[in-house]
Amino acid sequence: MSADVAIVGVGLHPFGRHPAKSAIQMGAAATRAALADAGVKWTDIQFAYGGSYEVDNPDSIVNQLGLTGIPFTNVYNGCATAASVLTQATNTIRLGEYDIGIAIGMDKHVPGAFTSDPTLYSLPSWYGEAGLFLTPKFFAEKIQRYMHDHGISTTTLARVAAKNYRNGSLNPDAFRRTPLSVEDILSSPMVNHPLTQYMFCAPDEGAAAVVVCRADRARELTDTPVYLRASEVRTRRIGAFEVHSPSVPLEREDSPTVHVSRAAYERAGLGPEDVDVIQLQDTDAGAEVYHLAENGFCEHGEQEALVADGVTEIGGPMPVNTDGGLIANGEPIGASGLRQIYELVKQLRGQAGDRQVPGEPRVGYAQLYGAPGTAGVSIVSR
Amino acid sequence: LDDISTATAVPLAEGLFTWPSDAPRLLGSRCGECGTMTFPTHYGCPRCSSGAMSTVELGTRGTVWTWTTQEFRPPPPYAGPDEFEPYHVGYVELPGELIVETYLTGYEDRHPTIGDAVELTIVAFSGPSAGGDDVVTYAFGPVDPAGTA
(Lines give C-alpha, C1' and ligand atoms only; values in the text may rest on other atoms or scores of the structure.)
Protein backbone atom coordinates (compact mmCIF):
# COMPACT_ATOMS: atom_id res chain seq x y z
CA MET A 1 0.00 0.00 0.00
CA SER A 2 1.13 3.58 -0.45
CA ALA A 3 2.02 5.53 2.64
CA ASP A 4 -0.44 8.20 3.74
CA VAL A 5 1.57 9.77 6.55
CA ALA A 6 4.99 11.39 6.33
CA ILE A 7 7.53 12.49 8.92
CA VAL A 8 8.77 15.96 8.00
CA GLY A 9 10.64 16.93 11.16
CA VAL A 10 12.39 15.27 14.09
CA GLY A 11 13.85 16.74 17.27
CA LEU A 12 15.70 15.41 20.28
CA HIS A 13 16.68 16.65 23.68
CA PRO A 14 19.65 14.39 24.43
CA PHE A 15 18.94 11.66 26.98
CA GLY A 16 20.95 11.64 30.19
CA ARG A 17 20.84 13.42 33.53
CA HIS A 18 19.80 17.05 33.46
CA PRO A 19 19.35 18.27 37.04
CA ALA A 20 18.55 21.85 36.05
CA LYS A 21 15.77 21.00 33.58
CA SER A 22 12.22 19.73 33.98
CA ALA A 23 10.74 17.10 31.70
CA ILE A 24 8.45 19.78 30.26
CA GLN A 25 11.43 21.99 29.42
CA MET A 26 13.15 19.10 27.66
CA GLY A 27 9.93 18.31 25.80
CA ALA A 28 9.68 21.93 24.66
CA ALA A 29 13.30 21.88 23.48
CA ALA A 30 12.73 18.68 21.48
CA THR A 31 9.54 20.16 20.02
CA ARG A 32 11.28 23.37 18.94
CA ALA A 33 14.03 21.27 17.34
CA ALA A 34 11.47 19.18 15.44
CA LEU A 35 9.58 22.28 14.28
CA ALA A 36 12.81 23.88 13.06
CA ASP A 37 13.74 20.64 11.29
CA ALA A 38 10.36 20.67 9.51
CA GLY A 39 10.54 24.39 8.80
CA VAL A 40 7.18 25.05 10.44
CA LYS A 41 6.00 27.12 13.41
CA TRP A 42 4.16 25.91 16.52
CA THR A 43 1.19 27.90 15.27
CA ASP A 44 1.10 25.66 12.17
CA ILE A 45 0.60 22.53 14.30
CA GLN A 46 -3.05 21.39 14.25
CA PHE A 47 -2.96 18.64 16.91
CA ALA A 48 -0.54 17.07 19.37
CA TYR A 49 -0.06 13.88 21.36
CA GLY A 50 2.24 13.97 24.37
CA GLY A 51 3.61 10.88 26.10
CA SER A 52 5.10 10.61 29.58
CA TYR A 53 5.26 8.35 32.61
CA GLU A 54 6.28 10.93 35.20
CA VAL A 55 4.48 14.02 33.84
CA ASP A 56 0.74 13.93 34.48
CA ASN A 57 -0.04 16.54 31.85
CA PRO A 58 2.44 16.68 28.97
CA ASP A 59 0.06 19.16 27.33
CA SER A 60 1.23 21.83 29.77
CA ILE A 61 4.16 22.14 27.36
CA VAL A 62 1.92 24.70 25.60
CA ASN A 63 2.84 27.17 28.36
CA GLN A 64 6.33 27.18 26.80
CA LEU A 65 5.25 26.97 23.15
CA GLY A 66 2.04 28.90 22.81
CA LEU A 67 -1.57 28.38 23.88
CA THR A 68 -3.07 27.87 20.45
CA GLY A 69 -6.15 25.89 21.47
CA ILE A 70 -5.29 22.74 19.52
CA PRO A 71 -6.50 19.29 20.61
CA PHE A 72 -3.65 17.89 22.73
CA THR A 73 -4.00 14.35 24.07
CA ASN A 74 -1.84 12.99 26.89
CA VAL A 75 -0.76 9.36 26.59
CA TYR A 76 0.76 6.87 28.98
CA ASN A 77 1.09 3.25 27.81
CA GLY A 78 3.98 1.71 29.73
CA CYS A 79 7.24 1.27 27.87
CA ALA A 80 5.28 1.49 24.60
CA THR A 81 4.15 5.04 25.44
CA ALA A 82 6.13 6.67 22.64
CA ALA A 83 4.96 4.10 20.10
CA SER A 84 1.39 4.78 21.20
CA VAL A 85 1.90 8.53 20.78
CA LEU A 86 3.16 8.01 17.25
CA THR A 87 0.38 5.54 16.43
CA GLN A 88 -2.27 8.00 17.59
CA ALA A 89 -0.70 10.86 15.65
CA THR A 90 -0.49 8.68 12.54
CA ASN A 91 -4.12 7.60 12.82
CA THR A 92 -5.23 11.20 13.32
CA ILE A 93 -3.67 12.16 9.99
CA ARG A 94 -5.29 9.12 8.38
CA LEU A 95 -8.71 10.25 9.59
CA GLY A 96 -8.34 13.14 7.17
CA GLU A 97 -9.40 16.02 9.40
CA TYR A 98 -5.89 17.37 9.95
CA ASP A 99 -2.88 17.99 7.71
CA ILE A 100 -0.05 18.34 10.24
CA GLY A 101 0.52 17.44 13.87
CA ILE A 102 3.18 16.44 16.34
CA ALA A 103 4.04 13.50 18.59
CA ILE A 104 6.07 14.45 21.68
CA GLY A 105 7.61 12.26 24.37
CA MET A 106 9.33 13.38 27.57
CA ASP A 107 10.36 11.94 30.90
CA LYS A 108 12.57 12.49 33.92
CA HIS A 109 13.18 9.41 36.09
CA VAL A 110 15.23 9.05 39.25
CA PRO A 111 18.13 6.57 38.90
CA GLY A 112 17.45 2.93 39.72
CA ALA A 113 14.90 0.26 38.88
CA PHE A 114 11.35 1.40 38.23
CA THR A 115 8.93 0.88 41.07
CA SER A 116 5.24 1.43 41.62
CA ASP A 117 2.23 0.18 43.53
CA PRO A 118 1.47 -3.32 42.21
CA THR A 119 -2.27 -2.88 42.82
CA LEU A 120 -2.19 -0.30 40.01
CA TYR A 121 -1.05 -3.14 37.71
CA SER A 122 -3.87 -5.52 38.66
CA LEU A 123 -1.49 -7.33 41.03
CA PRO A 124 -1.80 -8.08 44.76
CA SER A 125 0.06 -5.93 47.30
CA TRP A 126 2.13 -8.89 48.53
CA TYR A 127 3.77 -9.15 45.09
CA GLY A 128 5.48 -5.83 45.72
CA GLU A 129 6.15 -6.50 49.42
CA ALA A 130 7.90 -9.73 48.39
CA GLY A 131 10.22 -7.79 46.06
CA LEU A 132 8.85 -9.53 42.96
CA PHE A 133 7.42 -6.38 41.33
CA LEU A 134 10.66 -5.60 39.48
CA THR A 135 11.40 -5.41 35.77
CA PRO A 136 15.17 -6.27 35.79
CA LYS A 137 14.37 -9.60 37.46
CA PHE A 138 11.88 -10.46 34.71
CA PHE A 139 14.33 -9.68 31.92
CA ALA A 140 16.90 -11.93 33.61
CA GLU A 141 14.36 -14.73 34.02
CA LYS A 142 13.34 -14.46 30.37
CA ILE A 143 16.87 -14.52 28.94
CA GLN A 144 17.92 -17.30 31.34
CA ARG A 145 15.24 -19.57 29.88
CA TYR A 146 15.97 -18.35 26.34
CA MET A 147 19.70 -19.11 26.69
CA HIS A 148 18.80 -22.59 27.97
CA ASP A 149 16.40 -23.26 25.10
CA HIS A 150 18.40 -21.72 22.26
CA GLY A 151 22.07 -22.03 23.17
CA ILE A 152 22.91 -18.36 23.71
CA SER A 153 26.06 -17.62 25.75
CA THR A 154 26.80 -14.85 28.24
CA THR A 155 29.60 -13.76 25.89
CA THR A 156 26.93 -12.96 23.28
CA LEU A 157 25.09 -10.81 25.83
CA ALA A 158 28.30 -8.93 26.54
CA ARG A 159 29.05 -8.53 22.82
CA VAL A 160 25.61 -6.96 22.28
CA ALA A 161 26.17 -4.49 25.10
CA ALA A 162 29.70 -3.70 23.85
CA LYS A 163 28.31 -2.97 20.38
CA ASN A 164 25.74 -0.56 21.80
CA TYR A 165 28.34 1.30 23.89
CA ARG A 166 30.56 1.44 20.78
CA ASN A 167 27.67 2.86 18.74
CA GLY A 168 26.92 5.29 21.57
CA SER A 169 30.51 6.52 21.47
CA LEU A 170 29.87 7.59 17.86
CA ASN A 171 26.68 9.47 18.82
CA PRO A 172 27.23 12.97 20.27
CA ASP A 173 23.75 12.87 21.84
CA ALA A 174 24.21 9.55 23.69
CA PHE A 175 24.12 9.31 27.49
CA ARG A 176 26.89 6.71 27.80
CA ARG A 177 29.66 7.50 25.32
CA THR A 178 32.52 5.44 26.77
CA PRO A 179 33.22 2.21 24.89
CA LEU A 180 33.30 -0.84 27.16
CA SER A 181 34.95 -4.15 26.33
CA VAL A 182 33.31 -7.56 26.56
CA GLU A 183 35.52 -8.19 29.60
CA ASP A 184 34.47 -4.89 31.26
CA ILE A 185 30.82 -5.87 30.81
CA LEU A 186 31.20 -9.46 32.02
CA SER A 187 33.16 -8.37 35.12
CA SER A 188 30.78 -5.59 36.16
CA PRO A 189 28.64 -6.35 39.24
CA MET A 190 25.92 -8.97 38.81
CA VAL A 191 22.44 -7.43 39.03
CA ASN A 192 20.15 -10.35 38.16
CA HIS A 193 21.98 -13.45 36.92
CA PRO A 194 23.05 -13.67 34.08
CA LEU A 195 22.69 -9.91 33.56
CA THR A 196 25.45 -7.65 34.88
CA GLN A 197 25.27 -3.92 35.53
CA TYR A 198 26.63 -2.90 32.13
CA MET A 199 24.20 -5.18 30.29
CA PHE A 200 21.28 -3.01 31.50
CA CYS A 201 19.99 0.33 30.35
CA ALA A 202 19.20 2.95 32.99
CA PRO A 203 16.03 4.97 33.46
CA ASP A 204 17.10 8.56 32.73
CA GLU A 205 15.81 11.84 31.31
CA GLY A 206 15.15 13.31 27.89
CA ALA A 207 12.65 14.13 25.19
CA ALA A 208 11.99 13.63 21.48
CA ALA A 209 9.42 14.92 19.01
CA VAL A 210 8.26 13.98 15.52
CA VAL A 211 6.24 16.22 13.14
CA VAL A 212 3.85 14.21 10.97
CA CYS A 213 1.81 15.41 8.01
CA ARG A 214 -0.29 14.14 5.10
CA ALA A 215 2.04 12.31 2.74
CA ASP A 216 0.73 14.23 -0.26
CA ARG A 217 1.76 17.53 1.40
CA ALA A 218 5.20 16.38 2.57
CA ARG A 219 7.11 17.67 -0.45
CA GLU A 220 5.85 21.19 0.30
CA LEU A 221 7.86 21.07 3.52
CA THR A 222 10.92 18.97 2.83
CA ASP A 223 13.00 17.40 0.07
CA THR A 224 13.65 14.38 2.26
CA PRO A 225 10.32 13.09 3.57
CA VAL A 226 10.33 9.79 5.43
CA TYR A 227 7.08 7.88 5.18
CA LEU A 228 5.41 6.09 8.07
CA ARG A 229 4.55 2.73 6.58
CA ALA A 230 3.21 1.26 9.82
CA SER A 231 2.90 2.16 13.50
CA GLU A 232 1.18 -0.53 15.56
CA VAL A 233 0.74 -1.40 19.24
CA ARG A 234 -0.34 -4.74 20.74
CA THR A 235 -0.68 -6.13 24.27
CA ARG A 236 0.09 -9.58 25.67
CA ARG A 237 -2.06 -12.65 25.04
CA ILE A 238 -2.74 -15.40 27.54
CA GLY A 239 0.23 -17.74 27.72
CA ALA A 240 2.95 -15.21 26.88
CA PHE A 241 5.72 -14.96 29.49
CA GLU A 242 5.48 -11.32 30.46
CA VAL A 243 6.84 -8.87 33.00
CA HIS A 244 4.91 -8.79 36.33
CA SER A 245 3.40 -12.28 36.04
CA PRO A 246 2.94 -14.21 39.31
CA SER A 247 1.98 -17.21 37.16
CA VAL A 248 1.99 -18.31 33.53
CA PRO A 249 -0.20 -20.99 31.92
CA LEU A 250 1.49 -24.16 30.66
CA GLU A 251 0.23 -23.51 27.10
CA ARG A 252 2.72 -21.06 25.61
CA GLU A 253 1.91 -18.07 23.40
CA ASP A 254 4.20 -15.73 21.48
CA SER A 255 5.11 -12.38 23.01
CA PRO A 256 3.21 -9.23 21.99
CA THR A 257 6.30 -8.22 20.02
CA VAL A 258 5.77 -11.18 17.65
CA HIS A 259 2.16 -10.20 17.04
CA VAL A 260 2.77 -6.47 16.64
CA SER A 261 5.70 -7.15 14.34
CA ARG A 262 3.57 -9.30 12.02
CA ALA A 263 0.84 -6.65 12.02
CA ALA A 264 3.32 -3.90 11.15
CA TYR A 265 4.93 -5.87 8.31
CA GLU A 266 1.48 -6.63 6.93
CA ARG A 267 0.36 -3.00 7.01
CA ALA A 268 3.64 -1.81 5.49
CA GLY A 269 3.63 -4.46 2.79
CA LEU A 270 7.24 -5.16 3.73
CA GLY A 271 9.15 -7.98 5.37
CA PRO A 272 12.25 -8.24 7.56
CA GLU A 273 14.37 -8.81 4.43
CA ASP A 274 13.46 -5.30 3.26
CA VAL A 275 14.74 -3.55 6.42
CA ASP A 276 18.07 -1.69 6.28
CA VAL A 277 18.30 -0.14 9.80
CA ILE A 278 16.87 -1.67 12.98
CA GLN A 279 16.08 -0.20 16.41
CA LEU A 280 15.15 -2.80 19.05
CA GLN A 281 14.15 -2.51 22.71
CA ASP A 282 17.41 -3.31 24.51
CA THR A 283 16.28 -2.81 28.09
CA ASP A 284 19.14 -5.24 28.60
CA ALA A 285 21.47 -7.05 26.24
CA GLY A 286 19.33 -10.19 26.43
CA ALA A 287 16.28 -8.33 25.19
CA GLU A 288 18.10 -7.29 22.00
CA VAL A 289 19.03 -10.94 21.45
CA TYR A 290 15.52 -12.40 21.59
CA HIS A 291 13.93 -9.34 19.99
CA LEU A 292 16.04 -10.02 16.88
CA ALA A 293 14.13 -13.27 16.47
CA GLU A 294 10.76 -12.02 17.75
CA ASN A 295 10.81 -9.33 15.04
CA GLY A 296 11.61 -11.81 12.30
CA PHE A 297 15.25 -10.89 11.65
CA CYS A 298 16.56 -14.39 12.42
CA GLU A 299 15.55 -17.76 13.82
CA HIS A 300 15.78 -18.42 17.56
CA GLY A 301 19.35 -19.40 18.37
CA GLU A 302 20.95 -17.88 15.27
CA GLN A 303 21.90 -14.80 17.30
CA GLU A 304 24.93 -16.58 18.75
CA ALA A 305 26.61 -16.67 15.33
CA LEU A 306 25.11 -13.41 14.00
CA VAL A 307 26.47 -11.34 16.86
CA ALA A 308 29.88 -13.04 16.79
CA ASP A 309 30.10 -12.37 13.04
CA GLY A 310 29.27 -8.67 13.41
CA VAL A 311 26.05 -8.91 11.41
CA THR A 312 24.32 -6.40 13.72
CA GLU A 313 27.16 -3.83 13.63
CA ILE A 314 26.72 -0.49 11.83
CA GLY A 315 28.72 -1.83 8.89
CA GLY A 316 26.98 -5.21 8.92
CA PRO A 317 24.00 -6.38 6.86
CA MET A 318 21.51 -5.93 9.79
CA PRO A 319 22.63 -2.88 11.81
CA VAL A 320 20.84 -2.80 15.18
CA ASN A 321 20.64 0.13 17.60
CA THR A 322 22.92 2.35 15.57
CA ASP A 323 22.66 5.24 18.05
CA GLY A 324 23.57 2.97 20.98
CA GLY A 325 20.00 1.95 21.78
CA LEU A 326 18.62 2.08 25.28
CA ILE A 327 21.88 0.72 26.68
CA ALA A 328 23.82 3.83 25.61
CA ASN A 329 20.95 6.35 25.76
CA GLY A 330 18.99 5.19 28.80
CA GLU A 331 15.23 5.05 28.93
CA PRO A 332 13.02 8.07 29.52
CA ILE A 333 9.88 5.99 28.98
CA GLY A 334 7.74 8.63 27.29
CA ALA A 335 10.48 9.58 24.82
CA SER A 336 12.32 6.32 24.15
CA GLY A 337 10.36 5.20 21.08
CA LEU A 338 10.52 8.64 19.49
CA ARG A 339 14.31 8.61 19.99
CA GLN A 340 14.25 5.44 17.85
CA ILE A 341 12.26 7.25 15.13
CA TYR A 342 14.62 10.25 15.33
CA GLU A 343 17.55 7.91 14.68
CA LEU A 344 15.83 6.10 11.80
CA VAL A 345 14.94 9.39 10.10
CA LYS A 346 18.53 10.65 10.47
CA GLN A 347 19.80 7.37 8.99
CA LEU A 348 17.36 7.39 6.07
CA ARG A 349 18.25 11.00 5.28
CA GLY A 350 21.97 10.20 5.42
CA GLN A 351 22.45 12.63 8.34
CA ALA A 352 23.72 10.19 11.00
CA GLY A 353 27.33 11.38 10.95
CA ASP A 354 29.95 8.99 12.31
CA ARG A 355 27.34 6.31 12.87
CA GLN A 356 25.80 6.51 9.39
CA VAL A 357 24.85 3.13 7.97
CA PRO A 358 26.52 2.83 4.55
CA GLY A 359 24.65 2.10 1.34
CA GLU A 360 21.90 4.73 1.57
CA PRO A 361 19.40 2.78 3.71
CA ARG A 362 15.79 3.00 2.58
CA VAL A 363 13.73 1.17 5.24
CA GLY A 364 13.91 1.54 9.03
CA TYR A 365 12.28 -0.55 11.77
CA ALA A 366 11.70 0.35 15.44
CA GLN A 367 10.36 -1.89 18.22
CA LEU A 368 9.43 -1.09 21.83
CA TYR A 369 8.52 -3.53 24.58
CA GLY A 370 7.86 -3.18 28.26
CA ALA A 371 5.63 -3.37 31.30
CA PRO A 372 3.01 -4.60 31.63
CA GLY A 373 3.41 -6.61 28.40
CA THR A 374 2.93 -4.02 25.67
CA ALA A 375 4.82 -3.78 22.40
CA GLY A 376 4.94 -1.30 19.55
CA VAL A 377 6.50 -1.46 16.08
CA SER A 378 6.95 1.35 13.57
CA ILE A 379 8.27 0.94 10.03
CA VAL A 380 9.49 3.94 8.03
CA SER A 381 10.88 4.29 4.52
CA ARG A 382 12.19 6.90 2.16
CA LEU B 1 8.73 -26.02 58.49
CA ASP B 2 11.14 -27.05 61.22
CA ASP B 3 11.99 -23.54 62.39
CA ILE B 4 8.59 -21.94 61.93
CA SER B 5 5.84 -21.89 64.46
CA THR B 6 2.54 -22.44 62.72
CA ALA B 7 0.86 -21.08 65.79
CA THR B 8 2.39 -17.60 65.82
CA ALA B 9 3.65 -16.95 62.26
CA VAL B 10 1.40 -15.00 59.91
CA PRO B 11 1.42 -15.35 56.09
CA LEU B 12 2.65 -12.50 53.89
CA ALA B 13 -0.93 -12.27 52.61
CA GLU B 14 -4.17 -13.99 53.53
CA GLY B 15 -5.34 -16.43 50.90
CA LEU B 16 -1.86 -16.93 49.43
CA PHE B 17 -1.46 -20.45 50.85
CA THR B 18 -3.31 -22.61 53.37
CA TRP B 19 -2.21 -21.50 56.84
CA PRO B 20 -1.82 -22.45 59.59
CA SER B 21 -1.07 -25.92 58.29
CA ASP B 22 1.48 -28.69 58.70
CA ALA B 23 1.16 -29.38 54.94
CA PRO B 24 0.57 -25.98 53.34
CA ARG B 25 -0.64 -25.61 49.74
CA LEU B 26 -0.56 -22.60 47.43
CA LEU B 27 -4.03 -21.30 46.58
CA GLY B 28 -4.95 -20.59 42.98
CA SER B 29 -8.07 -20.42 40.84
CA ARG B 30 -9.50 -22.68 38.16
CA CYS B 31 -11.96 -21.44 35.56
CA GLY B 32 -15.22 -23.40 35.58
CA GLU B 33 -15.69 -22.73 31.87
CA CYS B 34 -12.29 -23.34 30.21
CA GLY B 35 -10.20 -24.90 33.00
CA THR B 36 -7.48 -22.23 32.93
CA MET B 37 -5.60 -22.00 36.23
CA THR B 38 -4.12 -18.93 37.88
CA PHE B 39 -1.91 -18.11 40.83
CA PRO B 40 -2.76 -16.31 43.00
CA THR B 41 -6.57 -16.45 42.96
CA HIS B 42 -8.34 -14.43 40.27
CA TYR B 43 -11.90 -13.13 40.03
CA GLY B 44 -12.03 -13.31 36.23
CA CYS B 45 -10.54 -15.82 33.81
CA PRO B 46 -7.57 -14.36 31.91
CA ARG B 47 -8.28 -16.69 28.96
CA CYS B 48 -12.05 -16.80 28.38
CA SER B 49 -13.23 -13.87 30.53
CA SER B 50 -15.59 -16.06 32.57
CA GLY B 51 -16.37 -15.00 36.12
CA ALA B 52 -16.78 -18.60 37.26
CA MET B 53 -13.44 -18.97 39.04
CA SER B 54 -13.15 -21.31 42.00
CA THR B 55 -10.31 -21.55 44.48
CA VAL B 56 -8.09 -24.64 44.25
CA GLU B 57 -5.09 -25.97 46.17
CA LEU B 58 -2.07 -26.27 43.87
CA GLY B 59 0.41 -29.13 43.71
CA THR B 60 3.48 -28.94 45.91
CA ARG B 61 6.11 -30.45 43.59
CA GLY B 62 7.45 -29.27 40.26
CA THR B 63 10.55 -28.33 38.30
CA VAL B 64 12.52 -25.11 37.95
CA TRP B 65 11.35 -23.40 34.70
CA THR B 66 13.69 -20.39 34.94
CA TRP B 67 15.58 -18.54 37.64
CA THR B 68 17.71 -15.52 38.46
CA THR B 69 19.35 -13.88 41.44
CA GLN B 70 18.19 -10.71 43.16
CA GLU B 71 21.47 -9.00 43.96
CA PHE B 72 20.18 -5.57 45.04
CA ARG B 73 17.60 -4.67 47.64
CA PRO B 74 14.29 -4.11 45.85
CA PRO B 75 12.91 -0.58 46.27
CA PRO B 76 9.68 0.01 48.23
CA PRO B 77 7.10 -1.46 48.55
CA TYR B 78 9.56 -4.32 49.31
CA ALA B 79 9.04 -5.29 52.93
CA GLY B 80 11.76 -7.90 53.40
CA PRO B 81 14.29 -8.16 56.21
CA ASP B 82 16.29 -5.07 57.17
CA GLU B 83 19.53 -6.93 56.49
CA PHE B 84 19.40 -7.63 52.75
CA GLU B 85 20.98 -10.82 51.48
CA PRO B 86 20.87 -11.69 47.75
CA TYR B 87 18.46 -14.50 46.98
CA HIS B 88 17.31 -16.75 44.16
CA VAL B 89 13.94 -16.24 42.52
CA GLY B 90 12.34 -17.87 39.50
CA TYR B 91 9.43 -19.84 38.13
CA VAL B 92 8.44 -23.42 38.94
CA GLU B 93 6.35 -25.56 36.59
CA LEU B 94 3.68 -27.52 38.45
CA PRO B 95 2.87 -30.49 36.19
CA GLY B 96 -0.59 -30.33 34.64
CA GLU B 97 -1.37 -27.02 36.37
CA LEU B 98 0.69 -23.88 35.65
CA ILE B 99 4.02 -22.12 36.19
CA VAL B 100 4.31 -20.04 39.39
CA GLU B 101 6.78 -17.34 40.38
CA THR B 102 8.54 -18.04 43.65
CA TYR B 103 11.60 -17.62 45.79
CA LEU B 104 14.00 -20.53 45.31
CA THR B 105 15.45 -21.60 48.64
CA GLY B 106 18.12 -24.13 49.53
CA TYR B 107 20.60 -22.94 46.89
CA GLU B 108 22.99 -21.21 49.25
CA ASP B 109 26.12 -22.81 47.76
CA ARG B 110 25.09 -23.10 44.09
CA HIS B 111 22.72 -21.75 41.47
CA PRO B 112 19.53 -23.58 40.50
CA THR B 113 19.42 -25.46 37.21
CA ILE B 114 16.43 -25.42 34.87
CA GLY B 115 14.68 -28.76 35.38
CA ASP B 116 15.63 -29.18 39.05
CA ALA B 117 12.97 -31.06 41.03
CA VAL B 118 11.67 -28.75 43.77
CA GLU B 119 8.91 -28.72 46.35
CA LEU B 120 6.91 -26.14 48.25
CA THR B 121 8.13 -24.94 51.61
CA ILE B 122 7.22 -22.08 53.92
CA VAL B 123 10.07 -19.77 54.88
CA ALA B 124 10.62 -16.87 57.23
CA PHE B 125 10.16 -13.59 55.35
CA SER B 126 10.48 -10.78 57.86
CA GLY B 127 9.28 -9.90 61.20
CA PRO B 128 7.86 -9.29 63.46
CA SER B 129 4.78 -7.80 61.80
CA ALA B 130 2.87 -4.84 63.19
CA GLY B 131 0.95 -7.36 65.26
CA GLY B 132 4.16 -8.75 66.74
CA ASP B 133 4.14 -12.01 64.78
CA ASP B 134 6.77 -13.36 62.42
CA VAL B 135 5.82 -13.11 58.74
CA VAL B 136 6.26 -16.17 56.52
CA THR B 137 5.94 -16.71 52.79
CA TYR B 138 6.14 -19.52 50.26
CA ALA B 139 9.20 -20.78 48.43
CA PHE B 140 10.32 -23.83 46.51
CA GLY B 141 13.49 -25.76 47.34
CA PRO B 142 15.23 -28.90 46.12
CA VAL B 143 13.42 -32.16 46.73
CA ASP B 144 15.42 -34.35 49.06
CA PRO B 145 18.13 -31.80 49.95
CA ALA B 146 21.43 -33.27 51.05
CA GLY B 147 21.40 -34.65 54.57
CA THR B 148 17.71 -35.35 54.98
CA ALA B 149 17.31 -38.35 52.68
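Proteins get letters first, then strands, A, B, ... in listed order; numbering begins at 1 in each.
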Measuring heavy-atom distances to chain B, does [X] have an atom under 4.5 Å in its side chain, in its backbone, in both, or in neither?
X: A:P189; result: neither
X: A:P124; result: side chain
X: A:R252; result: side chain
X: A:F133; result: neither

- Of the backbone (N, CA, C, O) and the side chain (C-beta and beyond), which part of B:P76 lies under 4.5 Å from a heavy atom of chain A, both, or neither?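 Looking at B:P76, just its backbone touches chain A.
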
- Heavy-atom contact with chain A under 4.5 Å, split by part of B:Y138: side chain

- Task: Could you please spell out the steps behind the side chain to side chain contact (heavy atoms under 4.5 Å, CB included) verdict for B:Q70 and A:L134?
- Result: CA-CA 10 Å; B:Q70 183 59 40; A:L134 283 174; 3.6 Å; yes

- Note on the structure: Note: vs chain A, highest number of non-hydrogen pairs under 4.5 angstrom among B:Y87, B:W67, B:F72 is B:W67

- Query: Among B:L12, B:V100, B:I114, B:T137, which has the most heavy-atom pairs under 4.5 Å with chain A?
  - Reply: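 Answer, by heavy-atom pair count under 4.5 Å with chain A: B:I114.
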
- Message: Determine whether A:Q144 and B:H111 satisfy the following criterion, side chain to side chain contact (heavy atoms under 4.5 Å, CB included), listing intermediate values before the conclusion.
- Response: CA-CA 12 Å; A:Q144 189 89 262; B:H111 287 315; over 6 Å; no

- Which one of A:P136, A:S245, A:S122, A:S116 has the most heavy-atom pairs closer than 4.5 Å to chain B?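 Sorted descending by pairs with chain B, the first entry is A:S245.
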
- Note on the structure: Among residues 33-45 of chain B, residues within the sub-4.5 Å heavy-atom range of chain A, in order of number, are B:T38, B:F39, B:P40

- Message: Strictly less than 4.5 Å between heavy atoms, which residues of residues 89-99 of chain B line up against chain A? Please order them by number.
- Response: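 When heavy atoms of chain A are the reference, residues 89-99 of chain B contributes B:V89, B:G90, B:Y91, B:E93, B:L94, B:G96, B:E97, B:L98, B:I99 within the under-4.5 Å range.
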
May I ask you to check whether over 12 heavy atoms, not counting those of [X], lie within 6.0 Å of atom [atom1]?
X: B:E57; atom1: CD; result: yes
X: B:E14; atom1: CD; result: no
X: B:R30; atom1: CZ; result: no

- Message: Aromatic contact between A:W126 and B:F125, with the criterion being ring centroids under 6.0 Å apart: yes or no?
- Response: no

To the nearest 0.5 Å, how far apart are [atom1] in [X] and [atom2] in [Y]?
X: B:E71; Y: A:Q197; atom1: CD; atom2: CD; value: 12.0 Å
X: A:Y127; Y: B:L16; atom1: OH; atom2: CG; value: 12.0 Å
X: A:E141; Y: B:E101; atom1: CD; atom2: CD; value: 5.0 Å

- Item | B:P77 to A:P118 - nearest heavy-atom pair and separation |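 Of all heavy-atom pairs spanning B:P77 and A:P118, the closest is CG-CD, 3.9 Å.
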
- Query: Judged by atom type as modelled, is there a donor-acceptor pair below 3.5 Å linking the side chain of B:T68 to the main-chain atoms of A:H193?
  - Reply: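 Answer holds: yes.
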
